[in-house]
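Residue numbering restarts at 1 for every chain, and letters A, B, ... go by the order of the sequence lines.
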Protein chains: 2
Amino acid sequence: MTTTKTQGATALPLNTILSGDCVEVMNSLPAASVDLIFADPPYNLQLKGQLHRPDNSQVDAVDDHWDQFSSFATYDRFTRDWLKAARRLLKPNGAIWVIGSYHNIFRVGSALQDAGYWILNDVVWRKSNPMPNFRGKRFTNAHETMIWASKSEGGKYTFNYEALKALNEGVQMRSDWVMPICTGHERLKDENGDKAHPTQKPEALLHRILVGSTNPGDVVLDPFFGTGTTGAVAKMLGREFIGIEREDAYRQVAEKRIAKVRKFDREALQVSAGKRAEPRIPFGQLVERGMLRPGEELYSMNQRHKAKVRADGTLIGQNIKGSIHQVGAFLENAPSCNGWTYWCFKRDGKVVPIDVLRQQIRSELEN
Amino acid sequence: MTTTKTQGATALPLNTILSGDCVEVMNSLPAASVDLIFADPPYNLQLKGQLHRPDNSQVDAVDDHWDQFSSFATYDRFTRDWLKAARRLLKPNGAIWVIGSYHNIFRVGSALQDAGYWILNDVVWRKSNPMPNFRGKRFTNAHETMIWASKSEGGKYTFNYEALKALNEGVQMRSDWVMPICTGHERLKDENGDKAHPTQKPEALLHRILVGSTNPGDVVLDPFFGTGTTGAVAKMLGREFIGIEREDAYRQVAEKRIAKVRKFDREALQVSAGKRAEPRIPFGQLVERGMLRPGEELYSMNQRHKAKVRADGTLIGQNIKGSIHQVGAFLENAPSCNGWTYWCFKRDGKVVPIDVLRQQIRSELEN
DNA sequence: CCATACCATGAATCCATCT
DNA sequence: AAGATGGATTCATGGTATG
């Protein structure tokens, strides 16, 4: 453990996990001493019953005691309290990141604004492998939202524009980040082999946040430390961290984890530049975008069949409804069919394969 | 213009753009008469004007904070007012979509929750061609956020799951949608060739929203109608719309625009529906019709269990009597079981799922 | 050793209808 | 109105067992 003296008499307990209630602990630390705060507070999920997958297995819900709040008012009070204590700790040019879902993020965002923070961006973490919506009653909840805010309007927050651009293959970093959820070896397990924490965040997320909004040597505080992703990544990247965590079990896992982490020798920020596959374009997108109209007729390559486009991107032919692929296969009496190359539309008397439209969308996406 | 009589004496002005303040106009319409509301409220530009003090670098922090709070309070009041009026208009099973950016969406989301709406998803519109951040001081603001909420917790909102899945090439629709911003021919221009509205939304966005959360004939209201994207797409898709817009110029553009729109033909508006839409067939009917004989044996999908059909359409297995579902669940020690897909019968040595018989009855019903 | 198949699981506000 | 019942519903990934 390292400590440094700040302007006051109080020592700043660097690279330590403090135990206790985060508001109390934060209030015991010297004001204006922290460069960045990353916070992953309870989401207040308000889950009622149980949920089963279609295969009858039960979903392991986040029903921990620390996520229980009796009302929005209670949650708001909790949020205002910790945001106030956090703001006091920030240096004038400090900043904060908070992550949440639709259950809590609107409360958090409003409280941030009310407390005097200045929102810089909301950043969306698009999960490449989210849990599906098993009952088919809503959209797959495929993202979480992060809010990035400076301590005050006009604060000279840190933003390493070029580093982020480099991380993004030379293109300016956007407000939507695609990353997988934390699984595999990165996911910490307890002695029983169960996940050590129900909501462990991926290190890649913290990597991008810390590279983008701190400099080496900066002090990063995490008031809901959990199993210490923030601390682990901060250590790798040569930043100082302070963790606060109430639960003994989480603190113990985090201590062990961080002890094993080695700081990177150099700027070893390899970006995986793997060849990415061409993005899949659903046929329905051509309809939504008005490139093809519902009711418009498509013609088969060989001109022997036709079918009509429906509003949901399916086709209807004689005796058959389904996707462009299904209808093509049916009409050709074939086991399968690539609808993209099979179907054509007419424009100004010309017959054009629909695949041309797909290419058009793909070229837009490359920008 | 079409109007219909509702339960009260007040007529509902369908397919009309009403002029005036949206709260007053909404309060003049009959309660519980609207299926869906789509709202694109102002993003709190007034706030920005107040907060950006000209070249005053030494602004007192407390003053600044107070300023912020008072401005947000004004915006919050405005938001609460129109959300309350909107909620009154919604049918019990109605729903709302609101779109916004980080400037206002957290206020809107909190107000929605406080007003008794029940958030179903937040959906991110990920722009494939956003405006870059020219000064390189923040992330490219590449998305906007939409909140989808039912009128109340437990409301039986419309969700055309299968149609959305079809739009997405057979994979369940996620909460992040990639779409280009409104440009090109779709972007409405005024007589000077300038854009007619600063924040015209793409029709593709409304297409997905209306296909997903309304049915043909539903009433869709847009209290901030602008140049009428909601009305144009509603008309195409055979939904009824009501627009409210304060500015004469926008109303005029919208009127012209919508007049040109043609409704898609009926067949094209038909959309994929799942099994849930199929009529329910009691298992006992298979016995009554003689498709299965009392005493006949059924075999589980995995061939591990068998049970005997009884005259009343229940099954009897070892230690268990009950419906096809109950017996299946018991034998598999599962919380539930779909007996239709679990049980098979034998004919001419072949094993056939009983669901085939149900399909047979259903196809008879179609005639 | 490799290829394939099977299985487990992730911050989830996840049913509709009839008795 | 509460309780019981019918029966509809999943995607990406990593780990493990099998061949």
Just to be sure I understand the rule, does T341(B) reach a base, reach only the sugar-phosphate, or reach nothing, if contact means heavy atoms closer than 4.0 Å? nothing

Sorted by chain and residue number, the side chain to side chain donor-acceptor pair (under 3.5 Å) partners of K195(A) (sequence neighbours excluded) come out as D60(A)

From the options dC11(D), dC14(C), dA12(C), select the nucleotide whose nearest atom is closest to the side chain of Y102(A). dA12(C)

Short N/O separations, protein against nucleotides 4-6 of chain D, under 3.5 angstrom:
from: dG6(D); atom 1: OP1; to: S323(B); atom 2: OG; distance (Å): 3.3
from: dG6(D); atom 1: OP2; to: S323(B); atom 2: OG; distance (Å): 2.9
from: dG6(D); atom 1: O4'; to: R280(B); atom 2: NH2; distance (Å): 3.2

Whole-Å distance separating the OH atom of Y161(B) from the C1' atom of dT10(D): 7 Å

Could you check whether L120(B) gets within reach of a base, just the sugar-phosphate, or nothing at all, counting any heavy atom under 4.0 Å? nothing

Would R208(B) and E288(A) count as a salt bridge (charged side-chain N to carboxylate O under 4.0 Å, His left out) here? Give the steps. CA-CA 7 Å; R208(B) 190 173 294 181; E288(A) 288 179 335; 2.5 Å; yes

With a non-hydrogen cut-off below 4.0 angstrom, is G49(A) in contact with a base, only sugar-phosphate, or nothing? base

Figure out the NE2/C1' separation between H52(A) and dT9(D), and round it to whole Å. 13 Å

Base, sugar-phosphate, or nothing for E162(B), non-hydrogen atoms under 4.0 angstrom? sugar-phosphate

Just call it for P202(A): base, sugar-phosphate, or nothing, with non-hydrogen atoms closer than 4.0 Å on any strand. nothing

With respect to the side chain of S128(A), which nucleotide from dC14(C), dT13(D), dA8(D) is positioned closest? dT13(D)

Who pairs with K151(B) by side chain to side chain donor-acceptor pair (under 3.5 Å), at least two apart in sequence or on another chain? none

Using atom C1' of each nucleotide, how far apart are dA12(C) and dT9(D) to the nearest Å? 14 Å

With the side chain defined as heavy atoms from C-beta on, D55(A) is closest, among dT9(D), dG10(C), dT10(D), to dT10(D)

At under 4.0 Å between heavy atoms, which parts of nucleotides 14-19 of chain D does protein reach? Answer with one letter per nucleotide, 5' to 3': B base, S sugar-phosphate only, - none. SS----

Please classify the nucleic acid contact of P130(A) as base, sugar-phosphate, or nothing, using heavy-atom distances under 4.0 Å. base

What's the CG-C1' distance between D122(B) and dA12(C), to the nearest Å? 13 Å

Please work out which residues in residues 56-83 of chain A have a non-hydrogen atom less than 4.0 Å from an atom of DNA chain D and list them by number. none

How many Å lie between CG on L51(A) and P on dC15(C), as a whole number? 8 Å

Using a heavy-atom cut-off of 4.0 Å across all strands, would you classify R358(B) as base, sugar-phosphate, or nothing? sugar-phosphate

Does R276(B) reach a base, just sugar-phosphate, or nothing at all? Heavy atoms under 4.0 Å. sugar-phosphate

Under 4.0 Å, counting only non-hydrogen atoms across every strand here, what does N133(A) touch: a base, just sugar-phosphate, or nothing? base

Sorted by position of nearest nucleotide on DNA chain D, 5' first, the leading residue of S336(B) and P132(A) is S336(B)

Length of the NZ-P vector between K275(B) and dC15(C), whole Å: 18 Å

Of the listed nucleotides dA12(C), dA8(D), dT10(D), the one nearest the side chain of F134(A): dT10(D)

Output the rounded distance in Å from CG (N44(A)) to C1' (dT13(C)). 9 Å

Side-chain contact check for P54(A): nearest option of dG10(C), dA11(C), dT9(D) is dT9(D)

Need one value for K201(A): base, sugar-phosphate or nothing, where a base atom within 4.0 Å counts as base even if backbone is also close, heavy atoms only. base

Show every donor-acceptor pair shorter than 3.5 Å between a side-chain atom in residues 327-334 of chain B and any protein atom, with sequence neighbours excluded, or say none if there are none.
from: E332(B); atom 1: OE2; to: N302(B); atom 2: ND2; distance (Å): 3.1
from: E332(B); atom 1: OE2; to: Y342(B); atom 2: OH; distance (Å): 2.5

Separation of the C1' atoms in dC14(C) and dG10(C), to the nearest angstrom: 15 Å

Between F241(A) and F225(A), what is the ring plane arrangement, given parallel below 30°, perpendicular above 60°, and tilted in between? parallel

Shortest side-chain distance from K137(A), nucleotide among dA12(C), dC15(C), dC11(D): dC15(C)

Side chain of K156(B) only, please: which of dT10(D), dA12(C), dA16(C) is the nearest? dA16(C)

Regarding C182(A), tell me which of base, sugar-phosphate or nothing describes its non-hydrogen contacts under 4.0 Å with the strands shown. nothing

Under 4.0 Å, counting only non-hydrogen atoms across every strand here, what does K48(A) touch: a base, just sugar-phosphate, or nothing? nothing

Nearest-Å distance for atom pair CH2/P, residues W125(A) and dG10(C): 13 Å

